[in-house]
There are 2 protein chains.
Amino acid sequence: MIEAETKKADVTLIQAKTLAGKVYECIKSDIIRGELSQGSRIVESELALKYGISRGPLREAIHRLEQMKLILRVPHAGSRVVTLDIKTMHDIYNAREALEGMSARLAARHMSDEAIVSLKSLLDAHEQAISESEGKYYLQEEGNIDFHHRIASASQNQWILENLNGGLYQLVRMGRYQSGQQPTRPAIALAQHRQIASAIEQRDEELAELLMRRHISGAWKIVKKILELKHD
Amino acid sequence: MIEAETKKADVTLIQAKTLAGKVYECIKSDIIRGELSQGSRIVESELALKYGISRGPLREAIHRLEQMKLILRVPHAGSRVVTLDIKTMHDIYNAREALEGMSARLAARHMSDEAIVSLKSLLDAHEQAISESEGKYYLQEEGNIDFHHRIASASQNQWILENLNGGLYQLVRMGRYQSGQQPTRPAIALAQHRQIASAIEQRDEELAELLMRRHISGAWKIVKKILELKHD
DNA sequence: AAAGGTTCTATTGTTGACAATTATTGATAA
DNA sequence: TTATCAATAATTGTCAACAATAGAACCTTT
């Protein structure tokens with residue numbers, strides 16, 4: 001039993017019990033971090049060799065990544081890492097706006113009082129982190145994701161939750177990582193997060209959705225400018 | 001010509017270039033039509049034998065169906081056809097409301113004038129079909145899907161389009177098919193469709209989104225009643 | 001007889017070889 | 001030179017055998 005517990009702890013670190021799952025996590029990380037650059041060709045035998053597995057599970061990993069749109073595949077021709085141009089990112093942020101807006105609305109309806117308290121203390125921690133250290137972008141970014149993740153969880157909508165965690169968030173991460181990972185000014189984001197949390201606390205569904213949509217479309221405007229600068 | 005004979009789907013008729021793709025289409029159809037009933041176990045070797053292929057491509061087909069949430073899979077334990085209970089359907093309709101609402105907004109922004117004309121003539125055809133034949137539910141339902149599909153295409157948002165066509169619409173179809181496939185009263189739906197088309201024609205993004213969301217949440221209320229009746 | 005552990009079986013996960021297909025290269029002719 | 005077609009190479013798609021795992025059946029012990 002004790003061995004089983006420790007084993008399970010190890011497994012949770014690896015995030016997957018199957019070979020395909022582990023390699024999927026690896027490749028996903030490589031793509032998001034840009035180690036596999038955008039548009040680059042994916043050759044099954046190469047990656048299989050690199051990770052020391054056969055082509056079977058590797059193929060499964062690739063298929064998963066294709067479904068979440070990190071990889072583009074054409075039958076018999078091969079796979080490439082997706083290229084996040086401005087149009088694609090715009091699509092992603094529009095989808096996010098719709099889904100997270102609904103997510104916030106449902107969170108205002110369903111989130112438990114304890115979860116709301118916990119959410120607000122998370123925001124306090126963010127404020128602390130921001131005022132303490134100006135340079136810890138990474139932690140701030142993780143905190144940002146954490147906030148959005150909690151809202152999505154509280155919505156209690158399984159479809160939306162899975163499509164945010166398993167799809168859109170990964171693409172957003174990849175986009176941030178590869179465009180210099182500037183955090184949208186943290187103080188402003190924090191203020192907006194507080195507004196959203198407040199709307200949820202007051203069970204104001206309409207306002208919660210409105211504020212979340214404004215928050216995301218505002219983030220898009222900043223990302224867009226960064227991308228346009230990069231492209232010129 | 002549409003025959004009822006298509007249930008014994010012939011693999012060679014399907015356009016997919018790969019074996020996995022063909023079998024994927026077959027199984028998807030079987031699930032939506034209820035030939036593979038909700039919650040029933042999926043055994044790889046059985047299906048492989050049934051379709052006369054090996055387990056490799058069949059596995060790929062199952063993985064795709066898992067990603068679009070028609071199949072639930074647990075590692076080493078097996079797969080089952082999803083069960084569309086009320087909660088799941090509610091999640092689906094909420095996600096639809098968010099995504100198709102945004103879709104209508106973007107359609108009002110991007111849809112070409114010619115496409116709008118074509119859309120309106122499609123609605124005329126629907127009106128014709130409704131007044132002519134009271135019983136052709138199937139055609140009406142296909143027309144309904146056609147309308148929503150055109151909006152999604154006109155949105156020019158690839159992510160939303162793919163997640164509607166390749167995910168939510170299939171689940172909605174499955175739910176309709178298996179709960180007696182009552183079409184939500186076609187005359188009312190048609191009137192709402194006309195309103196939406198009109199808003200798009202006037203480039204009123206706000207109104208287009210609002211009307212589409214109202215349309216879908218209204219549809220949900222009807223579906224919910226049907227499901228509740230069934231469950232008692 | 002019930003609880004607990006142990007063997008056994010059915011099913012999934014993995015592998016390496018083989019077939020089919022696409023893209024490339026090179027030769028030939030206009 | 002350039003276009004076209006054939007042969008070739010590189011890569012993906014498919015298969016059947018093997019390994020690992022979870023769940024069922026069985027036995028043992030109390």
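Below, chain A is the first sequence line, B the second, and so on; all start at residue 1.
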Can I get a per-line list of side-chain donor-acceptor pairs under 3.5 Å for residues 104-111 of chain A, giving both atom names and the distance, sequence neighbours left out?
from      : atom 1 : to        : atom 2 : distance (Å)
Arg105(A) : NE     : Glu209(A) : OE1    : 2.4
Arg105(A) : NH2    : Glu206(A) : OE1    : 3.1
Arg105(A) : NH2    : Glu209(A) : OE1    : 3.0
Arg109(A) : NE     : Glu205(A) : OE1    : 3.4
Arg109(A) : NE     : Glu205(A) : OE2    : 2.9
Arg109(A) : NH2    : Glu205(A) : OE1    : 3.0

Side-chain donor-acceptor pairs of residues 68-76 of chain B under 3.5 Å, sequence neighbours excluded:
from     : atom 1 : to        : atom 2 : distance (Å)
Lys69(B) : NZ     : Glu162(A) : OE1    : 2.6
Arg73(B) : NE     : Glu66(B)  : OE1    : 3.2
Arg73(B) : NH2    : Glu60(A)  : OE2    : 3.2

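From Tyr169(B), atom OH reaches atom NE2 of His149(B) across 8.5 Å, with rounding to the nearest 0.5 Å.
To the nearest angstrom, C1' of dT12(C) lies 15 Å from CZ of Arg80(B). Distance NE2 (His76(B)) to P (dT21(D)): 6 Å, rounded to an integer number of Å. If you measure from atom NZ of Lys22(A) to atom C1' of dT14(C), you get 12 Å, rounded to the nearest angstrom. Counting to the nearest Å, the P atom of dT12(D) and the CD atom of Glu60(A) are 17 Å from each other. Between the CZ atom of Arg73(A) and the P atom of dT12(D) there is a distance of 10 Å, given to the nearest Å. Per the geometry, NE2 belonging to His63(A) stands 7 Å off P belonging to dG13(D), to the nearest Å.
Here Glu46(A) pairs with nothing under the salt bridge (charged side-chain N to carboxylate O under 4.0 Å, His left out) rule; sequence neighbours left out. Residues meeting the side-chain hydrogen bond (donor to acceptor under 3.5 Å, both in side chains) test with Asp146(A), sequence neighbours left out: none. Legend: residues meeting ring-ring contact (aromatic ring centres under 6.0 Å, His included) with Tyr24(B), ordered by chain and number and at least two apart, are absent.
Taking side-chain N and O atoms only, Arg59(A) has no distance below 4.0 Å to OP1 or OP2 of dG16(C). Between Thr18(A) and the phosphate of dT14(C), there is a side-chain N or O to OP1/OP2 separation shorter than 4.0 Å.
For Pro57(B), the listed nucleotide lying nearest its side chain is dC15(D); candidates were dA23(C), dC15(D), dG13(D). Here dC15(D) is the nucleotide among dT15(C), dT21(C), dC15(D) with the atom lying nearest to any side-chain atom of Leu19(B).
Backbone-only contact: Ile42(B) has heavy atoms under 4.0 Å from sugar-phosphate atoms and none from a base.
For DNA chain D, the neighbouring residues in residues 44-56 of chain A, judged by any heavy atom under 4.0 Å, are Glu44(A), Arg55(A).
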Test salt bridge (Lys or Arg N to Asp or Glu O under 4.0 Å) applied to Lys28(B) and Glu25(B), step by step: CA-CA 5 Å; Lys28(B) 185 176 74 176; Glu25(B) 295 287 345; 3.5 Å; yes
